[in-house]
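Written below as structure tokens is the structure these notes are about.
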2 protein chains.
Amino acid sequence: MSDKLEFTHEVQKIAGFSKALSHPVRVYILKKLSKMNTCCYSGDLVEELPVGRSTLSQHLKELKYAGLIQGEINPPYIKYCINRKNWEEAKKLFTSFLEDSETEPEICEIHDVSSHRK
Amino acid sequence: MSDKLEFTHEVQKIAGFSKALSHPVRVYILKKLSKMNTCCYSGDLVEELPVGRSTLSQHLKELKYAGLIQGEINPPYIKYCINRKNWEEAKKLFTSFLEDSETEPEICEIHDVSSHRK
DNA sequence: AAAACATTTCGTATATTTGCGAAATAACAA
DNA sequence: TTGTTATTTCGCAAATATACGAAATGTTTT
């Protein structure tokens with residue numbers, strides 16, 4: 001019959017958050033913001049990241065779009081911080097997704113299929 | 001001074017795993033393999049996913065490259081299953097990354113900067 | 001040997017991502 | 001008003017990702 005299912009909301013959300021996390025610059029920003037637990041200026045970030053201002057701005061936009069950060073305008077600065085609500089949601093989604101299964105896996109790794117790229 | 005740091009191994013690994021998880025098809029496959037705790041044929045997967053065989057093969061290759069699945073050749077089939085070792089590693093990385101910070105965040109959300117895309 | 005089967009690779013097309021510098025925006029300072 | 005500062009948007013180029021069908025691969029069955 002080949003039902004060709006649509007993806008659940010959960011699957012789509014995990015993919016969406018993962019996309020936001022799929023670049024080292026964005027992981028770095030989130031790690032910093034979540035751990036320091038305070039806000040951060042775009043200008044401070046550009047000092048320590050190997051990208052230009054406009055590129056950083058694009059990454060911040062991406063993170064805003066994903067809902068993982070939010071900004072407070074404080075002219076002429078913009079302070080960024082973690083969006084705690086969605087950060088929690090991401091945490092729950094990933095935790096549940098990556099949870100161990102209850103039972104042990106059956107043996108399934110005698111031949112390790114090559115995994116080269118290209 | 002602008003040190004332009006290089007990214008830590010941890011940051012790069014999180015970005016790498018996230019990239020593997022950044023497509024609904026791949027999230028679906030991993031969810032299925034990790035929960036059912038057994039192996040799965042490519043032919044079984046293509047029945048329930050809205051992509052063609054060659055596209056599915058690309059996604060499986062991507063997951064193999066990221067180390068999240070492994071395949072056992074069982075001609076003319078290939079059985080896929082979770083790579084438990086790396087799955088555990090991903091779990092640890094994401095859990096630590098998404099962990100709550102110890103203290104409460106300072107208020108930082110009076111103006112919610114618009115987050116439209118394009 | 002030839003046919004059947006599951007899967008991958010190849011070639012190609014299109015879309016998205018990433019990056020930069022220049023210009024635009026917006027608020028404040030002189 | 002003019003200039004300064006912080007940030008974003010625009011326009012563009014290059015790289016990567018996604019998707020498909022056709023052809024190739026490798027194994028088993030006939």
Side-chain angles (χ1 to χ4, degrees), chain A residues 2 4 7 11-12 15-29 39-66 69-81 110-118, chain B residues 2 4 7 11-12 15-29 39-66 69-81 110-118:
Chain A
S2 69
K4 303 302 183 188
F7 297 110
V11 165
Q12 295 191 67
F17 281 135
S18 295
K19 196 158 83 170
L21 292 173
S22 70
H23 192 289
V25 164
R26 296 195 291 266
V27 173
Y28 179 88
I29 293 168
C39 303
C40 208
Y41 301 111
S42 168
D44 296 341
L45 288 168
V46 85
E47 293 292 318
E48 47 192 304
L49 286 171
V51 290
R53 286 169 199 282
S54 59
T55 305
L56 174 60
S57 196
Q58 280 288 121
H59 285 303
L60 290 168
K61 186 171 159 188
E62 204 71 28
L63 290 174
K64 271 187 288 185
Y65 175 74
I69 66 172
Q70 58 196 162
E72 180 194 357
I73 297 173
N74 207 323
Y77 299 92
I78 296 180
K79 265 161 82 170
Y80 286 104
C81 45
I110 300 152
H111 312 275
D112 207 359
V113 171
S114 72
S115 57
H116 299 302
R117 237 191 172 181
K118 274 217 181 85
Chain B
S2 69
K4 303 304 184 190
F7 297 109
V11 165
Q12 295 191 66
F17 281 135
S18 295
K19 196 158 84 169
L21 292 173
S22 70
H23 193 289
V25 163
R26 296 195 291 265
V27 173
Y28 178 89
I29 293 169
C39 302
C40 209
Y41 301 109
S42 169
D44 295 340
L45 287 168
V46 85
E47 293 291 319
E48 45 192 304
L49 286 171
V51 289
R53 284 168 201 283
S54 59
T55 303
L56 175 60
S57 195
Q58 282 287 122
H59 285 302
L60 290 167
K61 186 172 160 187
E62 203 72 29
L63 290 174
K64 272 188 287 185
Y65 175 75
I69 65 171
Q70 60 197 159
E72 180 193 358
I73 297 172
N74 207 320
Y77 298 92
I78 297 180
K79 262 162 81 171
Y80 286 105
C81 44
I110 300 150
H111 312 274
D112 207 0
V113 171
S114 71
S115 57
H116 298 302
R117 236 192 171 180
K118 274 224 181 79

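Throughout, protein chains are lettered first and strands after them, A, B, ... in sequence-line order, and every chain is numbered starting at 1.
- Comparing D:dT18, C:dT7, D:dA17 against the side chain of B:His23 picks out D:dT18 as the nearest.
- Residues A:Pro24 and B:Val11 approach most closely at O-CG1, 3.5 Å, considering heavy atoms.
- For B:Val51, whose side chain is taken as the heavy atoms from C-beta onward, the closest listed nucleotide among D:dT7, C:dT7, D:dA19 is D:dA19.
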Contact state string [nucleotides 22-30 of chain D, B base, S sugar-phosphate only, - no protein heavy atom under 4.0 Å]: B----S---
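- Distances were taken from every side-chain heavy atom of B:Lys61 (C-beta onward) to each of C:dT8, C:dT9, D:dT9; the shortest belongs to C:dT9.
- Nearest to the side chain of A:Arg26, among C:dT8, C:dT18, D:dT8, sits C:dT18.
- In plain terms, the two heavy atoms of B:Ala66 and B:Ala20 that are nearest each other are CB-CB, 3.6 Å.
- Distance, B:Glu62 CD to D:dT16 C1': 10 Å, rounded to whole Å.
- In this view, B:His23 and B:Val25, B:Arg26, B:His59 satisfy the side-chain contact (heavy atoms from CB on, under 4.5 Å) rule, not counting sequence neighbours.
- Taking only side-chain atoms of B:Arg53, from C-beta outward, the nucleotide of C:dT8, C:dT17, D:dC20 with the closest atom is C:dT8.
- Comparing C:dG19, C:dT7, D:dT7 by their nearest atom to the side chain of B:Tyr77 picks out C:dT7.
- With sequence neighbours excluded, no residue satisfies side-chain contact (heavy atoms from CB on, under 4.5 Å) with B:Ser54.
- Summarising the geometry, the separation between CD on B:Gln58 and P on D:dT16 is reported as 15 Å, rounded to the nearest angstrom.
- Not a single side-chain contact (heavy atoms from CB on, under 4.5 Å) links B:Ser57 to another residue, sequence neighbours left out.
- Residues satisfying the ring pair (Phe, Tyr, Trp, His ring centres under 6.0 Å) criterion with A:Tyr77, sequence neighbours excluded, are A:Tyr41.
- Counting non-hydrogen atoms under 4.0 angstrom, B:Ser42 reaches the backbone sugars and phosphates but no base.
- In the set D:dA19, C:dT7, D:dA17, the nucleotide with an atom closest to the side chain of B:His59 is D:dA19.
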